[in-house]
Amino acid sequence: MAAARAECGEPAAPVTEPRATATPDDDAARFAAVAARARADLASFPDVRALARAVGSTTDELNALFIAHAHTTPATWLLRERVRAARARLLESRAPLATIAEAVGFATETAFRRAFLLDACMAPEAYRALRHGEPFELRLPARYRAGDVLAYHGRDPTSPSERIDGTRLVKAVTTIDGPAVLEITLGRGRATVRLIGNRRRSPRTLHDAHATALRLLGLRGDVRGFEAFALGDPILAPIVAARRGLHLPLTTTTFEGLCWAIIGQQINLAFALGLRRDVLDLAGERIGGLIAHPTPEQVAALDIAELRRRRFSRAKAEYLLDTAAAVAAGKLAPEALGDGSAVAAEQALTAMRGIGTWTARYVLMRGVGFADAAPVGDVALAAALQHVTGAERRPSADEVDALMRRFSPYRSLATFHLWAALRARTP
């Protein structure tokens, strides 16, 4: 794909290279098998050594496999999966916390509580209480740059989908009970979240709202690990030091991020925002004076002639409708991409007509939340790299790819910081 629009919106241990005899598809399948084995009985794998023995691997090989496909170490992946399994149990049962902690593989209840708070930004008791439908609070990390997150979500002041009111983000969302409005008020060290809707809410809706709030606030990334890594790199160090606590906000859903990436191909930000407003107006559901992003079925049902009247090129309209139709038909499952291999996810995306490397990597970074995706082909990223390296000319896509490898396994946050640095120097 040609150059796309400019987007101006525990540290990993050293790893060994994957075995040369394995192809990317082989390694993706192997990662999927290892992940499935671990998820089936997390309590059987108290550490990475136990998992490595069970799958006939060395810890170095397992580390390389997870860095390449999960964009994190197997130790961190196991911890996240334990918390994920615990969240499901908290939602489904009233078992004591100590029982849940043991069932998902935590050695002690104290270790469980610590990991849960870091991952979910709330205590397990508070998470379990979400079913009661009250407003809930998320703990924000130290140095959290709320202003940057609000600025990202407010980059289109005329958006019908979200608005910024002081320190509050108001976002229309689609839930299993229909459209609703998610209100997130950012305060000192905490965020207060409310879900407002016209229909009765099922117990699961508030748990989904919790997950959405974490995405919108960028609270799923390993910012501390990235900063420890970046402050040792001569290129990233001054950029990151100026913006400690910068988080990478995600789109509400992966499908929304996928639509946004397709809409934004090869056009500037202002034009892309206008096309997004058109899609929301034509297909989204209205709630509380806002419009929730349309579902795959609603996007797929759009009339290409109407999109053409709304300034869509024929190719862009076809790519958007074809992709939405594939999702609606179950041929592509964007919300499940984060559960598997990042390599396989990129292959699944680029197999779609009209989706190239930039679009796929952007979706992996902003729609899924993979930590090591660099959107090669991005004009702003190339310009930022030219500036920080002092190069006489803007690097090509292949050169950007090579330059960004030094920031692995944190290329997503590195990209976001480079964009921020470019914005700061642009009049």
Side-chain angles (χ1 to χ4, degrees), residues 10-13 15 27-128 130-131 204 207-208 210-211 214-215 219-222 224-225 333 335-345 368-372 409:
E10 169 176 297
V15 302
D27 273 350
R30 184 164 181 262
F31 170 78
V34 173
R37 177 79 177 271
R39 286 175 176 139
D41 188 6
L42 287 165
S44 294
F45 307 108
D47 53 36
V48 177
R49 290 188 297 274
L51 180 59
R53 286 194 300 269
V55 299
S57 178
T58 68
T59 54
D60 281 348
E61 288 174 337
L62 211 58
N63 197 53
L65 185 72
F66 273 74
I67 288 291
H69 294 274
H71 292 184
T72 191
T73 63
T76 298
W77 184 90
L78 279 170
L79 196 64
R80 291 176 180 172
E81 288 298 316
R82 296 191 208 285
V83 173
R84 179 183 182 184
R87 287 202 304 267
R89 289 172 182 262
L90 286 167
L91 176 61
E92 297 165 359
S93 79
R94 297 184 181 275
L97 294 184
T99 301
I100 292 176
E102 182 180 5
V104 299
F106 283 99
T108 66
E109 184 180 339
T110 299
F112 165 60
R113 287 180 175 277
R114 184 185 306 115
F116 195 96
L117 180 60
L118 286 173
D119 187 83
C121 299
M122 61 166 51
E125 295 91 343
Y127 186 83
R128 175 173 266 168
L130 288 176
R131 70 181 71 193
R204 189 177 186 89
H207 295 82
D208 291 343
H210 166 265
L214 292 182
R215 289 175 58 89
L219 295 175
R220 301 311 304 269
D222 181 14
R224 290 180 62 185
E335 309 311 321
L337 292 177
D339 295 338
S341 158
V343 174
V368 181
F370 277 115
D372 200 29

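When all heavy atoms are compared, the tightest approach of A70 to W77 is CB-CD1, 3.9 Å. Between A120 and L214, the shortest heavy-atom contact is O-CD2, 3.9 Å. Taking both residues in full, the closest heavy atoms of P74 and N63 are given as CD-OD1, 3.2 Å, listed atom of the first, atom of the second, then distance. Shown here for A115 and L79, the closest heavy-atom pair between the two residues is CB-CD1, 3.9 Å. Closest of all the heavy-atom pairs between A103 and A43 is O-CB, 3.6 Å. Nearest heavy-atom pair, F370 versus G340, reported as atom, atom and distance to 0.1 Å: CZ-O, 3.7 Å.
The aromatic ring centroids of H207 and Y127 lie less than 6.0 Å from each other.
At a threshold of 4.5 Å between non-hydrogen side-chain atoms, the residues H210 and R215 do not count as touching. Proximity of H71 to F66: side-chain heavy atoms (C-beta onward) are nowhere separated by under 4.5 Å. Between S57 and R30, some side-chain heavy-atom pair lies under the 4.5 Å cut-off. By the 4.5 Å heavy-atom criterion applied to side chains, D27 and V343 are not counted as neighbours. You'll find the side chain of L90 reaches within 4.5 Å of the side chain of P124, heavy atoms only. At least one side-chain heavy atom of I100 sits less than 4.5 Å from a side-chain heavy atom of R128. Side-chain contact check for L65 versus E61: every heavy-atom pair is 4.5 Å or farther apart. Side-chain contact check for T72 versus I67: every heavy-atom pair is 4.5 Å or farther apart.
Rounded to the nearest 0.5 angstrom, L97 CG and E102 CD are separated by 13.0 Å. The distance from atom CZ of R49 to atom CG of L51, rounded to the nearest 0.5 Å, is 12.0 Å.
Residues passing the salt bridge (Lys or Arg N to Asp or Glu O under 4.0 Å) test with R39 are E81, sequence neighbours excluded.
Between the side chain of R82 and the main chain of F106, no donor-acceptor pair closer than 3.5 Å is present. Put simply, the side chain of H69 never gets that close to the backbone of A342: no donor and acceptor are under 3.5 Å apart.
No side-chain donor-acceptor contact under 3.5 Å links R89 and T99.
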Please lay out, stage by stage, how R87 and F116 fare under the test side chain to side chain contact (heavy atoms under 4.5 Å, CB included). CA-CA 9 Å; R87 287 202 304 267; F116 195 96; 3.6 Å; yes
Decide yes or no on side chain to side chain contact (heavy atoms under 4.5 Å, CB included) for T76 and D222, but give the supporting numbers first. CA-CA 10 Å; T76 298; D222 181 14; 5.9 Å; no
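Ionic pairing of D119 and R84 is not present here: no N-O contact between side-chain nitrogen and carboxylate oxygen is shorter than 4.0 angstrom. By the 4.0 Å N-to-carboxylate-O rule, E92 lies too far from R204 to be salt-bridged with it.
E109 CD: more than 12 foreign heavy atoms inside a 6.0 Å radius.
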